[in-house]
Amino acid sequence: MEVRDKSTGNVLREIVENTLSESVKALEKANVACGELALLSGENLAGGLLAISEAISNNSGSLSKSISTETGMALKSAREDAALASLEFRTASHQLFSSLAEKQTIPVDPFDNLLMAFNFKSPLGVIVMFASPLENISHSAKVIANAISTGNPVVCVASPMAPGPFEELKSAMEASGLPKDLFQLLILQEDSKAIRAILKNKSTGAVVLSGRESEFGHVLKQATGIRTLIACKTASPVIIWDD
């Protein structure tokens with residue numbers, strides 16, 4: 001599969017779709033990370049989230065360029081998006097301290113219904129997130145940060161059209177000192193058998209669609225009986241419970 005520069009149409013690089021076995025293995029690794037997250041103190045987890053924020057900030061130039069070339073976003077807007085992505089992890093770190101002190105999470109805006117979704121029964125398990133190339137990377141960063149702060153690792157299925165920004169996020173998380181497999185990245189096409197396999201895997205605790213519902217019909221058809229959260233910048237989050 002080809003990743004193209006949205007401004008010029010030039011091929012940036014070739015990427016290979018993950019196989020079924022690779023996808024299942026990623027889920028298994030994330031499940032192990034779930035147990036490792038549970039052993040961390042609140043202070044260490046908050047420190048790890050802060051380290052991710054700092055790593056994103058320190059590499060914001062590379063992240064901004066990746067966002068701009070692969071999504072077509074103006075470079076100025078891409079820089080703002082990268083800064084917001086860093087802020088999401090910093091905010092999650094600070095909210096974690098408040099949560100431990102007050103035994104509850106206090107949302108600061110409507111989009112933080114994500115925290116309600118993850119805290120309803122926490123940890124839920126592995127969060128499988130499908131990311132739209134049309135959504136800002138900062139919205140996906142909010143999902144990831146809130147999931148990790150409540151003890152849930154993330155397997156992200158990024159769009160083959162714009163995987164670069166998520167590769168940048170993965171590098172930032174690997175340098176945080178948190179469990180190495182807490183964030184796994186997969187590249188899958190809509191008709192991939194691996195999607196059904198990871199959705200039906202017992203380790204999957206919830207599915208998050210970071211984008212419009214209309215983009216993820218292939219996922220919703222297979223997500224019956226799984227707690228599903230639709231979260232995008234154009235509407236309030238919709239939570240679909242197990243029942």
Side-chain angles (χ1 to χ4, degrees), residues 26-60 62-63 81-129 131 136-156 165-185 203-206 208 210 227 229 231 237 239:
L27 200 66
E28 292 172 348
K29 288 181 177 180
N31 190 44
V32 172
C34 188
E36 294 173 346
L37 274 175
L39 297 176
L40 292 178
S41 67
E43 183 177 1
N44 286 340
L45 180 52
L49 290 166
L50 190 59
I52 295 171
S53 172
E54 292 171 349
I56 293 173
S57 181
N58 291 338
N59 294 282
S60 61
S62 177
L63 176 57
D81 195 26
L84 284 174
S86 173
L87 180 61
E88 295 299 351
F89 285 94
R90 182 176 296 274
T91 300
S93 174
H94 294 161
Q95 285 177 330
L96 183 63
F97 281 120
S98 298
S99 177
L100 291 176
E102 301 176 21
K103 304 302 181 183
Q104 61 181 346
T105 301
I106 303 174
V108 295
D109 64 51
F111 201 74
D112 281 336
N113 282 332
L114 282 170
L115 282 174
M116 181 185 76
F118 292 141
N119 274 327
F120 184 77
K121 178 186 175 185
S122 186
L124 295 170
V126 179
I127 306 300
V128 178
M129 182 181 79
N136 292 356
I137 193 68
S138 55
H139 290 289
S140 293
K142 177 181 278 289
V143 173
I144 297 164
N146 286 339
I148 292 173
S149 72
T150 50
N152 303 284
V154 177
V155 170
C156 174
F166 293 96
E167 292 171 343
E168 297 277 351
L169 286 183
K170 191 173 191 301
S171 295
M173 282 181 260
E174 289 174 344
S176 68
L178 292 175
K180 65 177 183 178
D181 295 319
L182 71 102
F183 182 78
Q184 298 287 306
L185 183 61
S203 298
T204 299
V208 177
S210 182
R227 183 177 284 108
L229 173 68
I239 303 169

Peer 1: Backbone N or O of E167 within a donor-acceptor pair of the S171 side chain at under 3.5 Å?
Peer 2: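 Checked: pair present.
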
Peer 1: Given V143 and L229, is the side chain to side chain contact (heavy atoms under 4.5 Å, CB included) satisfied, shown in steps?
Peer 2: CA-CA 10 Å; V143 173; L229 173 68; 5.7 Å; no

Peer 1: Verify side chain to side chain contact (heavy atoms under 4.5 Å, CB included) between L84 and N136, making sure each step is shown before the conclusion.
Peer 2: CA-CA 9 Å; L84 284 174; N136 292 356; 5.9 Å; no

Peer 1: Where the side chain of N152 meets the backbone of G125, is there a donor-acceptor pair that is under 3.5 Å apart?
Peer 2: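 Present.
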
Peer 1: Measure the spacing between OG1 of T204 and CG of L124 and express it to the nearest 0.5 Å.
Peer 2: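 It comes to 11.0 Å.
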
Peer 1: Please find the pair of heavy atoms, one from K170 and one from Q184, that lie closest to each other, and give the distance.
Peer 2: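 Residues K170 and Q184, closest heavy atoms: CE-CA, 4.3 Å.
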
Peer 1: Are E168 and S62 linked by a side-chain donor-acceptor pair shorter than 3.5 Å?
Peer 2: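 Short answer, yes.
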
Peer 1: Atom OG in S57, atom CZ in R90: separation rounded to 0.5 Å?
Peer 2: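 Atom-to-atom, S57:OG and R90:CZ are 7.5 Å apart.
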
Peer 1: Whether the side chain of T150 engages the backbone of N146 through a donor-acceptor N/O pair (distance < 3.5 Å, no angle test) should be reported.
Peer 2: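 Checking the backbone N and O of N146 against the side chain of T150, a donor-acceptor pair under 3.5 Å is found.
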
Peer 1: Over all heavy atoms of both residues, which pair between V155 and A26 is shortest? Give the atoms and the distance, please.
Peer 2: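 Of all heavy-atom pairs spanning V155 and A26, the closest is CG2-O, 4.1 Å.
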
Peer 1: Taking all heavy atoms of A172 and all of I56, pick out the closest pair and write down the distance.
Peer 2: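 The pair with the smallest heavy-atom distance is CB-CG1, 3.7 Å.
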
Peer 1: Would a distance-only check, ignoring hydrogens and angles, find a side-chain to backbone donor-acceptor pair under 3.5 Å from S176 to M173?
Peer 2: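 Present.
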
Peer 1: What's the spacing between N59 CG and E54 CD if we round to 0.5 Å?
Peer 2: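 The CG atom of N59 sits 12.0 Å away from the CD atom of E54.
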
Peer 1: Can you check whether P123 reaches L37 side chain to side chain, under 4.5 Å on heavy atoms?
Peer 2: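 SC-SC contact between P123 and L37 ruled out.
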
Peer 1: Could you give me the CA-CA distance, side-chain angles and deciding distance for L169 and L185, then say whether side chain to side chain contact (heavy atoms under 4.5 Å, CB included) is met?
Peer 2: CA-CA 10 Å; L169 286 183; L185 183 61; over 6 Å; no

Peer 1: Nearest 0.5 Å please: distance from the NE2 atom of H94 over to the CG atom of L87.
Peer 2: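 Taking NE2 in H94 and CG in L87, the distance rounds to 9.5 Å.
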
Peer 1: For S149 and L49, work out which heavy atoms get closest and say how close.
Peer 2: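 Heavy atoms only, the tightest pair is CB-CD1, 3.8 Å.
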
Peer 1: Counting only N and O atoms by type, is there a donor-acceptor contact under 3.5 Å from the side chain of D81 to the main-chain atoms of I137?
Peer 2: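 Yes; at least one donor-acceptor contact below 3.5 Å.
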
Peer 1: Could you tell me if the side chain of D181 sits less than 4.5 Å from the side chain of V32, heavy atoms only?
Peer 2: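 Contact flag for V32/D181 side chains = no.
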
Peer 1: Does a side-chain heavy-atom distance below 4.5 Å link I52 with S93?
Peer 2: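 Not touching, per the 4.5 Å side-chain cut-off.
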
Peer 1: Rounded to the nearest 0.5 Å, how far does CG of N58 lie from CG of L63?
Peer 2: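 Between atom CG of L63 and atom CG of N58 there are 12.0 Å.
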
Peer 1: How far apart are the closest heavy atoms of P179 and A33, and which atoms are they?
Peer 2: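 Shortest heavy-atom separation between P179 and A33 comes out as CB-CB, 4.2 Å.
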
Peer 1: Show your reasoning for whether side chain to side chain contact (heavy atoms under 4.5 Å, CB included) applies to I127 and I144.
Peer 2: CA-CA 9 Å; I127 306 300; I144 297 164; over 6 Å; no

Peer 1: Can you tell me how far the CE atom of M129 sits from the OG atom of S140, to the nearest 0.5 Å?
Peer 2: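 Rounded to the nearest 0.5 Å, the CE-OG separation comes to 4.0 Å.
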
Peer 1: What closest approach, in Å, do F166 and F183 show between heavy atoms, and which atom pair accounts for it?
Peer 2: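 For F166 and F183, the tightest heavy-atom pair comes out as O-CE2, 3.9 Å.
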
